[in-house]
Amino acid sequence: MGERTGTGDPIRSGDTLVPARACDDRSVVTPYYVCGPTASGKSSLAIELALKHHGEIVNADAFQLYRGLEIVSAAPSAEEQAHVPHHLYGVLDPTESADAQLYVKLVKPVIAEIQSRGKTPIITGGSGLYLKFLTHGAAPLPTGDAALRAEMDERPLEDLVAQLTKLDPVEASRTALQNRRFVSRALEICLLSGQKASDLRDGWEKQTAEISSQLRGFVIQRTRADLHARIALRTRGMLDGGALEEVAALAEISNNCEKAIGFREVRALLNGEIDRSTCEELINAATRQYAKRQETWFRREKWLEPHVL
RNA sequence: GGCCCGAUAGCUCAGUCGGUAGAGCAGUGGAUUGAAAAUUCACGUGUCGGCGGUUCAAAUCCGUCUCGGGCCA
């Protein structure tokens, strides 16, 4: 792990980790959430917490779910994992495709199992949507359909917008219509369910307040300059530490991880399309932008206690 | 030493017949209900290398200096 916070206990007082409520509630130990932007130091902080409070770490990162993407996704190393039990890292084959729903399906039993042993699940990761589904539940919507999506991808956006507007004007009016992803998902819900997405899809603002009050966790905050420096350092380490071999091996079996930052860039490097320093800078820029989006996401999760490093 | 080309936003560059400048990238802020490391929206004042000159008006024309790059010696 090689890094220390230097600020002592990552949460204000160690007692807040396992709330008193857990004692009344017999076997249930409230999970603790460790969130924050990429490269902010979630993993090592989580390990520290786990050691101190009999916790076990549970992944909440969309890409660390995959096997064979450990280096590029900056998954905890074998050495780190040896300190304390880690769950849901490298459990999916790169040919499988994950989504937030699948994640919830995978993670819930894991959390329950840890709790049943009287340990604290320490849920660690930066995938905001996955965490949101876990913490605040999901509306009863149809699962994504690959064939339908492929079909919609062929059609011009205006076409999809027109159809959505016709089928469900309410949903259309509250969807960012320039965002192809959002439009096609809304349309997909209508087509697959035969109902209006706007009827099925409920804002989770309603439930947020009461659910959020039960949740415990923190979001790591660092200055941009600090974060950018850490990102640059990590990217360097990845490229020196086997990312090329990892991507080369992965590229042969699946393009599924194409969306992972670093995958495309390293593949371009391997193909001789860009040089190493360009590759490094592209990864850095993409990672910085991702970190910023994560910060935007977590800023809205008011239940997360800020933890400034 | 002589000649030529370049110097404009953090970076790469565009800028017509002179009317005080705008793209991409980077950066910043936002959105986010089963693709989310995804997708998407908004945000553009900078001694136009310096100094002088011509002109009502100069990034643009002229002179000169500085710094790059090239060619000839």
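Below, chain A is the first sequence line, B the second, and so on; all start at residue 1.
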**Report entry** Test item: A/T124 side-chain N/O and A/I122 main-chain N/O as donor-acceptor pair under 3.5 Å
**Finding:** yes

In this structure, how many angstroms lie between the [atom2] atom of [N] and the [atom1] atom of [X], rounded?
X	N	atom1	atom2	value
A/Q294	B/U28	CD	C1'	17 Å
A/I231	B/A26	CD1	P	14 Å
A/L106	B/G34	CG	P	17 Å
A/L282	B/G27	CG	P	11 Å
A/I283	B/A26	CD1	P	14 Å
A/L250	B/A37	CG	P	17 Å

The side chain of [X] is closest to which nucleotide in this list: [options]?
X	options	value
A/I189	B/A31, B/G29, B/G34	B/G34
A/A100	B/A36, B/G34, B/U28	B/G34
A/R224	B/G30, B/G34, B/G29	B/G29
A/R288	B/A26, B/G29, B/G34	B/A26

Base, sugar-phosphate alone, or nothing: which one does [X] contact when heavy atoms must sit under 4.0 Å apart?
X	answer
A/S97	nothing
A/S184	base
A/V72	base
A/S127	sugar-phosphate

Measuring only the [atom1] atom in each nucleotide, how far is [N] from [M]? A whole number of Å is fine.
N	M	atom1	value
B/G22	B/G44	P	10 Å
B/C25	B/G68	P	32 Å
B/U45	B/A23	P	11 Å
B/A26	B/C11	C1'	7 Å
B/U28	B/C67	C1'	33 Å
B/C3	B/C65	P	10 Å
B/G52	B/G69	C1'	26 Å
B/C51	B/C56	C1'	23 Å

Between the side chains of [Y] and [X], is the shortest nitrogen-to-carboxylate-oxygen separation below 4.0 Å, so that they form an ion pair?
X	Y	value
A/E295	A/K292	no
A/R276	A/E280	yes
A/E171	A/K196	no

Query raised in the report: Which residue, A/A74 or A/E295, contacts RNA chain B at a nucleotide closer to its 5' end, judged by nearest heavy atom?
Result: A/E295

Query raised in the report: Glycosidic conformation of B/G10, syn or anti, with 90° from 0 as the boundary?
Result: anti

Report task. Show the numbers, then the answer: is there a side chain to side chain contact (heavy atoms under 4.5 Å, CB included) between A/V266 and A/L270? Result -> CA-CA 6 Å; A/V266 170; A/L270 291 170; 4.1 Å; yes

Identify the heavy atoms of [X] and [Y] that sit nearest to each other, and give their distance.
X	Y	answer
A/G126	A/D61	N-OD2, 4.5 Å
A/P121	A/I111	CG-CG2, 3.8 Å
A/T30	A/Q214	CG2-O, 4.2 Å

I'd like a table of atom pairs between the protein and nucleotides 38-42 of chain B - only N or O on both sides, under 3.5 Å - with the distance next to each one.
residue: B/A38; atom: OP2; partner: A/R293; partner atom: NH1; Å: 2.2
residue: B/A38; atom: OP2; partner: A/R293; partner atom: NH2; Å: 3.0
residue: B/A38; atom: O2'; partner: A/R181; partner atom: NH1; Å: 2.7
residue: B/A38; atom: O2'; partner: A/R181; partner atom: NH2; Å: 2.4
residue: B/A38; atom: N3; partner: A/R181; partner atom: NH1; Å: 3.3
residue: B/U39; atom: O2'; partner: A/N179; partner atom: OD1; Å: 2.3
residue: B/U39; atom: O2; partner: A/N179; partner atom: ND2; Å: 2.8
residue: B/U40; atom: O4'; partner: A/N179; partner atom: ND2; Å: 2.9

Query - Side-chain donor/acceptor of A/D99 to base of B/A36, under 3.5 Å - result: no

Query raised in the report: Between the base of B/G27 and the side chain of A/K292, is there a donor-acceptor distance below 3.5 Å?
Result: no

Query raised in the report: B/A37 phosphate, OP1 or OP2: any side-chain N/O from A/Q289 under 4.0 angstrom?
Result: no

Query raised in the report: Would you say A/T296 reaches B/G30's phosphate, i.e. side-chain N/O to OP1/OP2 under 4.0 Å?
Result: yes

Query - Listed partners of A/F298 passing ring-ring contact (aromatic ring centres under 6.0 Å, His included), at least two apart - result: none

**Report entry** Minimum side-chain heavy-atom gap A/N284-A/E281 below 4.5 Å
**Finding:** yes

Requested in this report: Give me the one residue out of A/R201, A/R180, A/R181, A/R149 that meets salt bridge (Lys or Arg N to Asp or Glu O under 4.0 Å) with A/E188.
Outcome: A/R149

Report summary line: When pairs are called at under 3.5 Å and a stem needs at least three consecutive Watson-Crick or G-U pairs, the stems of RNA chain B are B:1-7 with B:66-72, B:10-13 with B:22-25, B:27-31 with B:39-43, B:49-53 with B:61-65

